[in-house]
Amino acid sequence: MNNDRVNSAGQHAVNKDVREITVDVDNGLRVITLNRPKKKNALSTEMYDGLSQALREAAEDENTVITVLTGNGDYYSSGNDLKNAEKFLDFDLNEAASKSSIRVRDFVSDFIEFPKILVAAVNGPAIGIGVTTLALCDVVYASEKATFYTPFSALGISAEGCSTYTFPRIMGVSKASEMLYFNAKMTAHEAERCGLVSKVFPDATFKKEVFSHLQSLLNLPAKSLIYTKHLIRQWDIEALRKANEAECERLKERWSSGDPMNAMVNFLSRRSKL
Amino acid sequence: MNNDRVNSAGQHAVNKDVREITVDVDNGLRVITLNRPKKKNALSTEMYDGLSQALREAAEDENTVITVLTGNGDYYSSGNDLKNAEKFLDFDLNEAASKSSIRVRDFVSDFIEFPKILVAAVNGPAIGIGVTTLALCDVVYASEKATFYTPFSALGISAEGCSTYTFPRIMGVSKASEMLYFNAKMTAHEAERCGLVSKVFPDATFKKEVFSHLQSLLNLPAKSLIYTKHLIRQWDIEALRKANEAECERLKERWSSGDPMNAMVNFLSRRSKL
Amino acid sequence: MNNDRVNSAGQHAVNKDVREITVDVDNGLRVITLNRPKKKNALSTEMYDGLSQALREAAEDENTVITVLTGNGDYYSSGNDLKNAEKFLDFDLNEAASKSSIRVRDFVSDFIEFPKILVAAVNGPAIGIGVTTLALCDVVYASEKATFYTPFSALGISAEGCSTYTFPRIMGVSKASEMLYFNAKMTAHEAERCGLVSKVFPDATFKKEVFSHLQSLLNLPAKSLIYTKHLIRQWDIEALRKANEAECERLKERWSSGDPMNAMVNFLSRRSKL
């Protein structure tokens, strides 16, 4: 059985528990795992970089055609680690906002430009940038336990991950607006009905079913897959790049304004009361 | 309890029953009501102007972030008052067609350009421009009694309200074509399934539930909502303006041709036989 | 009862069983039938040409407003006749690939440019170009026995029929990707839920119900239908032409590469084992 574990530099990782992003090759299927289960796979700054690097390695690896992105533990990803924001306190606010918006922009850009087939296996709740980047993947499969939640306005920020472009196109403007303005949370079945997700699986067998399905597809002619992806992406790529730039400009302004800090305190205090 | 009634000039209305468009501020939520229930909220020429003015006031009012549009009585809106057309008989046909197409164009334009969050609470049947403008709102909620019906071809005219652009993007070209060519009527649940509507509510509690839901959202950070709306709208605004212009040019030609008068007589006579 | 049979040159056909594309006018409704039931309505090179010609005749005929496209027998169409490929063996591969890609491009172009209302009545399974061209029709009705299957990657080729543009816009990128990369087959009800199809009918009464429904629409004002179609198509026509060109360029490269021959042998041998 060919089951390699490769780290983000392509070498075998000695201590797999240390890495918050792990990369495995499981019977030919490249699996990128968000591996910070105790923090609900909230994306630390290191995880942004690690996932970007993992995507670039998958793009460059000649033997990789299909890559799957999933989470370890109960969550797929709780999105941007709100504790990243605490670092703002140590910095000049404008400088911190600028750095953060560049990080998000570059991270989202790696999804936009990814040239091969990217499947998301959403094993549990997805939040924020963990949801918006799903619409930049090719196929999204979900466990019945998955939920989809983008509380940008609750956090005083604005939508990212090209969701202002992709969400209305996938689910119609009304459902997109409910998610992006009103913080509506979708269940897995709702996400399937509106087209964000292709198929919902029972939680108990989710990864097993998805991985074995994807492995059965690995002998499809690589060029057919990659050339068709190139065609599909081509019609939207300029709009996606433009959306990413504009959204991150706005994010920078939002973070600089200090509003998110106040909103976040309100948000976290409301949440802690529940 | 802060429950103000303001008229379209922003002053308190003395006799609320006189106005066919009313504007209330209900616990901070701005409510625009189509208020001509005896005529199924068919849009008179005065109502086009009144609703446009109400939207512009909402756009300008600093305290308004979320505005909801709804109908009084059993209907949301039966669309363009076909009796407006009778006025054509008193005028030069070309002049009347030109005036009418400008009225529609300007009215639709106020939806396209509306810079804040606009929610439609569709309390009952919606027809014609009462349906097409829903796709220019942000979020659409519907009572289970709502239906959606755009009999443009039955009336000898052509589609308006940017529906030739928005409908195929929301529901796919097949369902859009059935509505816009073949006069297919959608139920509330069908409209929800195809993405025109976000959520369907029991009729008995419809307005109460929607208004209280929206009031709970009024403390969301205004800039987050408005900036995200600006981003979403930005990707389509040029196409929407172009669609509105082209559709209204075609409407002018249709009205000038005299065909709609014949079709309308057929339509009304068929309807009266049912 | 007005039930004419006209052949692709407009004359009455003597022997209707000879023609693989038949054209009938049934109570004013123009019906184009894929008529090669023993071969599951696989498209021979003659059928590509015949269907193109039938569409051009429908476009030019002054009395035709609504045209319906359907299949005779159990299948709607099993797509490109794989036996067309055998002809490659007799030719220079590059020349054959070039000819085939031009045939597909011109065929798809006739769907893109069709100026009147085109309804597909999908009476059974649809495969490949029999599916992708549905998204270029206006309204798609399906029997509950219909299925939708685009095994481009299994065949070593790449997606055509503008599906790289239309599918993500109709059903969202995730379901489009599952069909176009992973050869996922949709049932009629799934196709209805994702917007590819407007309505599903019981198989026993399918054609009867659809044809009588369409006949009831024939007295709608022709200009209203055609002008609204022109508006709807106008917003996408440049993108559709570009997609068609790019997809057929890629198809030419794919066929020239020889990969499809190998993939097809694998595909057919896997199928024969089932």
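Every chain is numbered from 1, with letters handed out A, B, ... down the list of sequences.
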[X] versus chain B, heavy atoms under 4.5 Å apart: side chain, backbone, both or neither?
X: A:Asn262; answer: neither
X: A:Ala239; answer: neither
X: A:Ala243; answer: both

Other residues, nucleotides, ligands: >12 heavy atoms within 6.0 Å of [X] [atom1]:
X: B:Lys116; atom1: NZ; answer: yes
X: A:His230; atom1: NE2; answer: no
X: B:Lys207; atom1: NZ; answer: yes
X: A:Lys40; atom1: NZ; answer: no
X: B:Asp74; atom1: CG; answer: no

I need the contact set between residues 162-173 of chain A and chain B: heavy-atom distance under 4.5 Å, sorted by residue number. A:Thr164, A:Tyr165, A:Pro168, A:Arg169, A:Met171, A:Gly172, A:Val173
If I measure from the heavy atoms of chain A, does [X] come under 4.5 Å with its side chain, its backbone, both, or neither?
X: B:Val197; result: backbone
X: B:Leu231; result: both
X: B:Ala135; result: backbone
X: B:Cys137; result: backbone
X: B:Leu136; result: neither

Correct closest heavy-atom pair for A:Ser153 and B:Pro221 would be O-CD, 3.0 Å
How close do A:Gly156 and B:Ser224 get, counting heavy atoms only, and between which atoms? C-OG, 2.8 Å
Say whether, by atom type as modelled, one donor and one acceptor occur between the side chain of A:Ser174 and the main chain of B:Val140 under 3.5 angstrom. yes
Scored by heavy-atom pairs under 4.5 Å with chain A, the best of B:Asp236, B:Leu196, B:Ile226, B:Asp138 is B:Asp138
Test log, rule side chain to side chain contact (heavy atoms under 4.5 Å, CB included), inputs A:Tyr181 and B:Ile66: CA-CA 10 Å; A:Tyr181 305 143; B:Ile66 302 177; over 6 Å; no
Gap between atom CD of A:Glu247 and atom OG1 of B:Thr228 - 0.5 Å precision: 8.5 Å
How long is the span from the CG atom in B:Leu225 to the OG atom in A:Ser177, to the nearest 0.5 Å? 10.5 Å
Give the intermediate values and the outcome of side chain to side chain contact (heavy atoms under 4.5 Å, CB included) for residues A:Lys175 and B:Glu192. CA-CA 9 Å; A:Lys175 293 184 184 189; B:Glu192 189 278 329; 2.6 Å; yes
